[in-house]
Each structure stands twice: as C-alpha cells, then as structure tokens.
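These notes concern the structure reproduced below.
Remember, it's 1-based here, ligands and their atoms both numbered in the order they're listed.
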Amino acid sequence: MKLADNKATLSFSNGSPSVDLPVYRGSVGPDVIDIRKLYAQTGMFTYDPGFLSTAACQSAITYIDGDKGELLYRGYPIEQLATKCDYLDTCHLLLKGELPTLQERQDFHKLILRHTMVNEQMQFFLRGFRRDAHPMAVLTGLVGALSAFYHDSTDINNPEHRAIAAIRLIAKMPTLVAMAYKYGVGQPYMYPRNDLSYAGNFLRMMFGSPCEDYRVNPVLERALDRIFILHADHEQNASTSTVRLCGSSGTNPFAAIAAGVACLWGPAHGGANEACLNMLEDIERQGGVAKVGQFMEQVKDKNSGVKLMGFGHRVYKNYDPRAKLMQETCNEVLTELGLEKDPLFKLAKELEKIALEDDYFVQRKLYPNVDFYSGIVQRAIGIPVNLFTGIFSLARTVGWIAQLNEMISDPEYKIGRPRQLFIGAVARDVKSLADR
Ligand code: ACO
C-alpha cells in the first residue's frame, strides 16, 4: 500500500495524548486512514454500522465512483465492456486482471464450457426439495453442496484448487439455476450443450425440452449476456463482503459462495429486481399509470413503509450506469418480442419520469438502479420472477470468486472479526428460579 504525504491526527477533548494515523492512497478514489493500531494505542474501537466509512480490504478489481455514476472493472468502463465484450471475456478480466487475447479467449471459453455438467448425483440431492421451494433456497443448498462433490478443489489455501473451483463455479452455475427452475416446473433437466455460447446454453437449458430442437434467439442471448456482464461484480457490496468474511475463516470456496448467494437473496440487495417487478405488477393491478401519483405519495410518506423498489443505491448518488444500459436492452428485447406496448415497461418509464422530477427523489439523490429495468427484461424473456435473484447470483459468482481469491492472495488478509460497542447488561449473578 502506498503511503500518502499526509497523516491523520486523532485528538481527544479529555486531554488524552493525540495519535498519529498513517494515510494510504489508492490509484483513484478516497484515501484511507489506517486504524489497525488504534485499539493498541487508545483502547478504543471505531463505530461504523453498515461499514459506510470503512474500507475492509485493498482491492484491484472493481472501482465505483458513485458521484460520477462510474463503474470500472479492472479499469474498463462498464459501457465499453457491455458493448464490446461478452460475459466470458468479462469473467477472464475479473479473474485474471486482463481481457483475453484471441488465443486466451478460445482457451478460456473451452475451459468453461468443458465444466458445465454437474455430478449426476446432484439431481437426487435436488429432489429432496419441495417443488414449490424458492429457487434461492434451492440454490443456496446446491452451491453449498458442490463442496460435497468436488473434493479436489476445496482447499482455499491451494492456488490450483482455487483456480479449479473458480472455473467450476462459473461453468456450473447456469446448469444449477436451470435445474432449479426445471425441477420447480416439473420438466426434465436439459444437459448443457457446449457448442452454444454461455448465455445461449443457459437459455436452452431453461426453455428447451428433450422433445424438440431449441433455437437460440440472438437478441435474447445478447440481452442475457448483458445482464450477466452488468451484474458480474460490484466491489465490496453486502454479498461480496459476506463471501470475503466467510472465506476469511479458510472455509472452502463453494461454501463461501453459498454464503454470498444467501446474502444476495435479501430484498435490499439482489432481491430488489424481484421486489421491483412485484411492485410494478401491484400498481398495474390497481389501475396502472393512473395510480402512479397515488403510489408516489405513499412512497414519500415515511409512515407507509413503501419504497420505490429499483430506486436508490448505497453508492451511486448520481446515476447507476448499469440502469441506462439495461433500459437500452429492455427496448431491444421488447421490440424483438413485439411487446413494445408492455404495460409494465410503460409504467416503469412513467415512475422513472415522475421520480426524476420530484423534489423528494432529487434531494435524496435517488435514481433508478440496474434492477429497475432488469426485471422487465427477464420477464419478457420468460424467466419467472422468483428466479431473478438466481440469475443475479449466477452472474455475480465470478465477482465473488475473483474477490475471494484476491483476498486469499493478499498478504494482509486476516480472519474477519468486527468489534462492537456493548450496551447490554454488565456482569450479574444468576438468581434461583424462585427469586427471579
Ligand atoms: N424509495 C423511497 N425512499 C427511499 C428509497 C426508495 N427506493 N431509497 C432511499 N430512500 C430514502 C430513505 O427513506 C432516506 O430518506 P430520509 O433521509 O428522509 O430518511 C433517504 O432516501 C436515504 O436512504 P438510505 O436508506 O439512507 O440510503 P441507503 O444508501 O442506505 O440505501 C438502498 C440504499 C438500501 C438501496 C435503498 O435506496 C433502498 O432500499 N432502495 C430500494 C431497494 C433497491 O432497489 N435495492 C437495490 C440495490 S442495487 C443492488 O443490490 C443491485
């Protein structure tokens, strides 16, 4: 880490001696104050619920400038990656630090596509779930269970194991997500086809049947590939931090990624696209565009508990660059499928228009996030709402594994152990039952 020219001095109003703290400078973005010796020097911890001001690691993978609305994977703007590269190029970039050369690209694609099948026994494991189980419950189980099937890639301290686990996870996630879907609808599983693209293969495993050939629609294939690229990584968000914290104990990569899947399920994180689409359908049921004004009043009323799902972001306080790309894809997909007049798309655009002009949203810097439009695209493709977060976890797997591997290779890495400000009862004696 590179020291900045200045240092920070922490002083106390009670006359305790002040403490100098080193400041480090990254390649871009805010400097950080190193507080690692704070407890030893002062006997105090810092207090930062939600880690709003805490850099928990150094990372060279993804950079977000929330004020500018900028997202870079390894330095490349998301807009360029989404228009000039495909998802597997992006995976190569995130995992290895560089976009592949032509030869590397062919090798990497081949490597991923040769690992798409899952152990046949997995389908019997899947059978233990209720048919109506939420796909995220199923996926959390299936991803965690990979560690029971692939014993030769579970040693997180072995770089070769980590590399194989990364390839396996990226290759097998589409198969697992499609299996979870097929199981839920009672259709036969479709084995992967390695002559198709990553996204094309997934579409076929989802919507194909053994009874007839499946033709991949290139517009939907591109749309899905873009969804994967846009969701591939997002620096130290809740699920990635979960994966890092979980992996910091030395657990195996499959278990750490399963923890990420579980975290992503929440409606404030990956579950937002599902929540957003449910919200749009609710408004549509209640009268559609005509009811938008009334709905917005509820959103602005603190006591209603209603939020405009797909709006607002912890980091982007200007615009989520992924939302613009997703809106473009939304237009393409709906046009391809002859759904230009889709009422939910119309409703979403109306909500966005009102919100962007409304003082409540303007003052709070609330803009549409990627989930605002991704749900409409997925629904048009035919993906059921309860599988949206599963698609997100499929796409984010590469980010999780790249971040996990970066952490393990970092000489500064330690088992994660946050501290607390204790406000509970101080030591007291247990009274006998009669005296309580
Ligand atoms: N609708 C209405 N009001 C909102 C919304 C929203 N979607 N988001 C934030 N606000 C309001 C808050 O009530 C708060 O108002 P106040 O200052 O009057 O109390 C203010 O804006 C700031 O909100 P915070 O919750 O402090 O913002 P934070 O950055 O912590 O939260 C979050 C970000 C959790 C994403 C929030 O905006 C939200 O819940 N959005 C809806 C869910 C969503 O779309 N999540 C997807 C995240 S992106 C992803 O995971 C891919």
N369 N/O to ligand 1 N/O under 3.5 Å:
yes

Where at least one partner belongs to residues 73-83, residue pairs that pass side chain to side chain donor-acceptor pair (under 3.5 Å), sequence neighbours excluded:
none

Would a 4.5 Å heavy-atom cut-off, applied to side chains only, mark Y316 and R322 as touching?
yes

Below 4.0 Å from ligand 1: does a non-hydrogen atom of F392 turn up there or not?
yes

Only one of M179, M122, M205 clears side-chain contact (heavy atoms from CB on, under 4.5 Å) with Y189; which?
M179

I'd like to know if the side chain of K291 pairs up with that of Q286 as donor and acceptor (distance under 3.5 Å, no hydrogens or angles considered).
no

So, Y373 and E352: side-chain donor and acceptor under 3.5 Å apart, yes or no?
yes

For atom 28 (P) of ligand 1, is the nearest protein heavy atom closer than 4.0 Å?
yes

Tell me whether D371 has any N or O atom under 3.5 angstrom from an N or O of ligand 1.
no

Geometric N/O contact F311 with ligand 1, under 3.5 angstrom
yes

Classify the side-chain pair Q236/Q403 by whether it contains a donor and acceptor separated by less than 3.5 Å.
yes

Residue selection (non-hydrogen contact nearest atom 30 (O) of ligand 1) among K302, H234, R314:
R314

Under 3.5 Å between some N or O of ligand 1 and some N or O of L366?
no

Which protein heavy atom lies closest to atom 48 (S) of ligand 1, and at what distance to 0.1 Å?
H313 CD2, 3.4 Å

Show the atoms of ligand 1 that are less than 4.0 angstrom away from any heavy atom in V299.
1 (N), 2 (C)

Would you check if L95 and F108 make a side-chain contact, meaning some heavy-atom pair closer than 4.5 Å?
yes

Atoms in ligand 1 flagged as close to K317, the criterion being non-hydrogen separation under 4.0 Å
29 (O)

Heavy-atom nearest neighbour in the protein, as seen from atom 25 (O) of ligand 1, with distance rounded to 0.1 Å:
K307 NZ, 4.1 Å

For the residue pair H313 and H234, does the interplanar ring angle fall in the parallel (under 30°), tilted (30 to 60°) or perpendicular (over 60°) class?
perpendicular

What's the shortest distance from atom 21 (O) of ligand 1 to any protein heavy atom, and which residue and atom give it?
R364 CD, 3.3 Å

Beyond-backbone contact of L3 with V23, side-chain heavy atoms, under 4.5 angstrom
no

Distance-only side-chain donor-acceptor flag, W400 / S239, under 3.5 Å:
yes

Identify, for atom 7 (N) of ligand 1, the protein heavy atom at the shortest distance, and state residue, atom and that distance.
L308 O, 2.7 Å

Heavy atom of protein inside 4.0 Å of atom 34 (C) of ligand 1, strictly below:
no

Pick one: which of Y367, F311, F345 meets ring pair (Phe, Tyr, Trp, His ring centres under 6.0 Å) with F372?
F311

Tell me whether atom 50 (O) of ligand 1 lies less than 4.0 Å from at least one protein heavy-atom position.
yes

Can you list the atoms of ligand 1 that are under 4.0 Å from a heavy atom of A272?
43 (C), 44 (O), 45 (N), 46 (C)

Can you find a heavy atom in the side chain of L71 that is under 4.5 Å from one in the side chain of L230?
no

Which atoms of ligand 1 sit under 4.0 Å from any heavy atom of Y360?
2 (C), 3 (N), 4 (C), 11 (C), 13 (O)

Contacting atoms of ligand 1, where contact means under 4.0 angstrom from a heavy atom of G310
43 (C), 44 (O)

Polar proximity ligand 1 side, M309 side, N/O cut 3.5 Å exclusive:
no

Does ligand 1 have an atom that lies less than 4.0 angstrom from a heavy atom of K365?
no

